[in-house]
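Each remark here refers to the structure printed beneath this line.
Letters go in sequence order (proteins before strands), and every chain restarts at 1. Not measured: the values here are computed from a predicted model.
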Number of protein chains: 2
Amino acid sequence: MAHSRGSDRSHDPTAYPPFAVSADLVVLTVRDDELCALVVRRGEEPYAGRLALPGGFVREGEDLREAAVRELAEETGLTPGDVHLEQLATYGAPGRDPRMRVVTVAHLALAPDLPTPAAGSDAAEAEWRPVDELLVDGLAFDHATLLRDGVERARGKLEYTPLGAAFCRPEFTVAELRRVYEIVWGTRLDPRNFHRKVTRTEGFLEPAGSTTTRDGGRPAQLFRRGRVELLYPPILRRAPQS
Amino acid sequence: MAHSRGSDRSHDPTAYPPFAVSADLVVLTVRDDELCALVVRRGEEPYAGRLALPGGFVREGEDLREAAVRELAEETGLTPGDVHLEQLATYGAPGRDPRMRVVTVAHLALAPDLPTPAAGSDAAEAEWRPVDELLVDGLAFDHATLLRDGVERARGKLEYTPLGAAFCRPEFTVAELRRVYEIVWGTRLDPRNFHRKVTRTEGFLEPAGSTTTRDGGRPAQLFRRGRVELLYPPILRRAPQS
DNA sequence: ATAATAGTGTCTCTTAGACAATATTTC
DNA sequence: GAAATATTGTCTAAGAGACACTATTAT
């Protein structure tokens with residue numbers, strides 16, 4: 001935003017270099033016991049043939065989140081009702097796009113594992129790939145950085161918010177939620193202590209009232225995500241080194 | 001960032017509406033027992049005469065953080081060596097600047113209480129104002145939102161990082177650090193428990209070796225900020241309701 | 001019955017919070 | 001000495017982690 005000083009033209013926005021602004025998406029899910037991200041294969045230069053995060057330019061009259069929501073729907077058919085969506089960070093190093101100056105506002109989406117979009121649909125070209133693989137293979141542009149930052153954000157969010165549930169179906173078991181934590185954090189968690197912890201953390205889970213045996217063994221209670229935004233106490237990572 | 005699909009011009013950045021991109025600053029400090037933010041008075045329309053956060057347009061060839069660092073230096077004389085600086089969030093609602101489409105990348109800076117910049121210096125027009133006052137009075141543009149988000153971010157950071165120390169001089173006492181927590185969080189903390197907590201949290205504080213009586217009473221040890229980025233365990237807010 | 005998973009209980013250790021008590025300054 | 005602040009100690013309660021044990025399903 002322009003500030004106040006001076007009467008020079010340095011605060012006239014029309015006198016400043018034009019940028020293109022895009023909204024890119026780091027869409028994460030847990031799938032086949034791996035943390036996966038949604039990517040599309042680029043058809044055009046630059047980086048033709050390479051994988052990239054989905055995204056597109058922000059339109060006139062469109063807010064940043066709106067653009068992210070639109071891109072998400074276009075690429076995946078998902079809506080904000082299905083996933084958690086938040087702004088991640090903004091990347092604007094000169095030269096990150098060789099064509100012109102592009103600033104991208106990255107957004108982070110956490111989605112349950114959904115059936116792969118039907119071929120022929122708008123979202124046909126998007127595919128899930130394991131994050132680990134994407135981070136070694138070359139993603140286009142600076143998308144590896146966006147992805148890395150998104151994963152790091154997601155890891156932290158699991159500690160302080162109930163967003164682990166955003167990776168699960170609307171009704172899920174404690175074991176399913178635990179697998180999310182284990183895969184996103186890359187650690188093992190004791191099922192018994194985890195169960196006690198999440199069921200006793202106020203507002204995290206709400207009993208759905210029914211049970212399921214889809215995980216085998218004794219029927220498990222189903223839960224929905226609770227109402228709170230922040231967990232107290234949090235579910236902390238990192239075992240005390242002792 | 002452009003994605004791959006299609007051969008239409010929808011992925012040609014030069015075909016998209018031009019934005020101006022600015023870097024705005026939420027610079028916070030603790031001063032006279034209040035949380036204060038740095039503001040400048042606008043000389044020009046729009047919002048002439050109103051207070052606004054410092055900031056300015058990102059230049060060609062300049063990265064976003066670079067622009068924030070430059071603005072910080074211009075407005076306050078502060079450098080990244082003196083303060084903590086991080087990206088906060090990006091705001092780009094259409095119409096937030098009536099002149100044209102402007103997307104601003106807000107940055108959060110946490111600074112120790114410094115002498116007010118000398119009149120006549122570059123930074124002469126910047127002044128500290130209590131956050132509470134700024135949030136009721138009308139800040140220009142959507143700056144109240146930026147400020148609110150910045151304060152909320154700072155509150156959270158005190159829990160999980162040693163950044164409370166960024167509000168203190170290079171060498172500070174435990175009591176000075178505690179005042180930072182009390183003022184930023186708006187709560188009272190038990191001096192004895194706080195002392196034990198911060199001095200025993202691995203890597204938070206590093207003894208400077210000397211003492212001071214500047215706070216009165218028995219001489220207090222001086223500390224410097226430790227090396228860790230994340231506190232374990234964190235210093236949690238919100239008393240268990242019980 | 002066996003295997004599998006769900007869920008509870010118990011024990012120990014760490015930490016948080018309340019608060020007494022002691023230490024070292026200035027006035 | 002009185003006042004002020006620093007720092008340590010003690011007690012209690014809550015929570016984390018290890019892990020025994022019980023519960024309920026499928027085969």
Quiz item: Is the shortest side-chain N to carboxylate O distance from B/Asp190 to B/Arg192 below 4.0 Å?
Solution: yes

Quiz item: Salt bridge or not for B/Arg225 and B/Glu206, using N-O below 4.0 Å?
Solution: no

Exercise. Round to the nearest Å and state the distance from A/Glu159 atom CD to D/dA16 atom P.
Key: 12 Å

Quiz item: In whole angstrom, what separates B/Glu202's CD from C/dT15's C1'?
Solution: 16 Å

Quiz item: Which whole-number value in Å describes the distance from A/Phe194 CZ to C/dG9 P?
Solution: 19 Å

Exercise. Starting from C1' on D/dA16, measure out to CG on A/Leu231 and report it in whole angstrom.
Key: 16 Å

Quiz item: Any Lys/Arg nitrogen of A/Arg188 or A/Glu182 sitting under 4.0 Å from an Asp/Glu carboxylate oxygen of the other?
Solution: yes

Quiz item: Could you state the CZ-P distance from A/Arg188 to D/dG17, rounded to the nearest angstrom?
Solution: 16 Å

Exercise. Measure the distance from CZ on A/Arg200 to P on D/dG15 and round it to the nearest whole Å.
Key: 9 Å

Practice problem: Whole angstrom is fine here: how far is it from CG in A/Leu205 over to C1' in C/dG7? | Solution: 14 Å

Quiz item: Quick one, which residues of residues 170-187 of chain B touch DNA chain C with a heavy atom under 4.0 Å?
Solution: none

Quiz item: Under 4.0 Å between a side-chain N or O of A/His195 and OP1 or OP2 of C/dA6?
Solution: no

Exercise. Tell me yes or no: between the side chains of B/Thr29 and B/Asp113, is some donor less than 3.5 Å from an acceptor?
Key: no

Exercise. Please tell me which of the listed nucleotides, C/dG17, D/dG15, C/dT15, lies nearest to the side chain of A/Pro233?
Key: D/dG15

Practice problem: Using a 4.0 Å heavy-atom cut-off, write out nucleotides 18-27 of chain D from 5' to 3' as B (base contacted by protein), S (sugar-phosphate only) or - (no contact). | Solution: BBB--BBB--

Quiz item: Mind checking what makes side-chain contact (heavy atoms from CB on, under 4.5 Å) contact with B/Arg70, not counting sequence neighbours?
Solution: B/Arg59, B/Glu62, B/Ala67, B/Glu74

Quiz item: Does A/Lys197 make a side-chain N or O approach to OP1 or OP2 of D/dG15 shorter than 4.0 Å?
Solution: no

Quiz item: Which whole-number value in Å describes the distance from B/Phe223 CZ to D/dA6 P?
Solution: 11 Å

Could you list the donor-acceptor pairs under 3.5 angstrom formed by side chains in residues 167-178 of chain B, with sequence neighbours left out?
| unit_1 | atom_1 | unit_2 | atom_2 | d |
| --- | --- | --- | --- | --- |
| B/Arg169 | NH2 | B/Glu176 | OE2 | 3.4 |
| B/Glu171 | OE2 | B/Arg224 | NE | 3.4 |
| B/Glu171 | OE2 | B/Arg224 | NH2 | 3.3 |
| B/Thr173 | OG1 | B/Ala175 | N | 3.4 |
| B/Thr173 | OG1 | B/Glu176 | N | 3.1 |
| B/Thr173 | OG1 | B/Asp215 | OD2 | 3.0 |
| B/Glu176 | OE1 | B/Thr173 | N | 3.0 |
| B/Glu176 | OE1 | B/Arg214 | NH2 | 2.8 |
| B/Glu176 | OE2 | B/Arg214 | NE | 2.6 |
| B/Glu176 | OE2 | B/Arg214 | NH2 | 3.3 |

Quiz item: What residues, two or more places apart in sequence or in another chain, satisfy ring pair (Phe, Tyr, Trp, His ring centres under 6.0 Å) together with B/Tyr181?
Solution: B/Trp185, B/Phe194

Self-check item: Distance-only polar pair, side chains of A/Asp142 and A/Thr145, donor-acceptor under 3.5 Å
Solution: no

Please set out all donor-acceptor pairs under 3.5 angstrom arising from side-chain atoms of residues 130-139 of chain A, sequence neighbours excluded.
| unit_1 | atom_1 | unit_2 | atom_2 | d |
| --- | --- | --- | --- | --- |
| A/Glu133 | OE2 | A/Arg129 | NH1 | 2.9 |

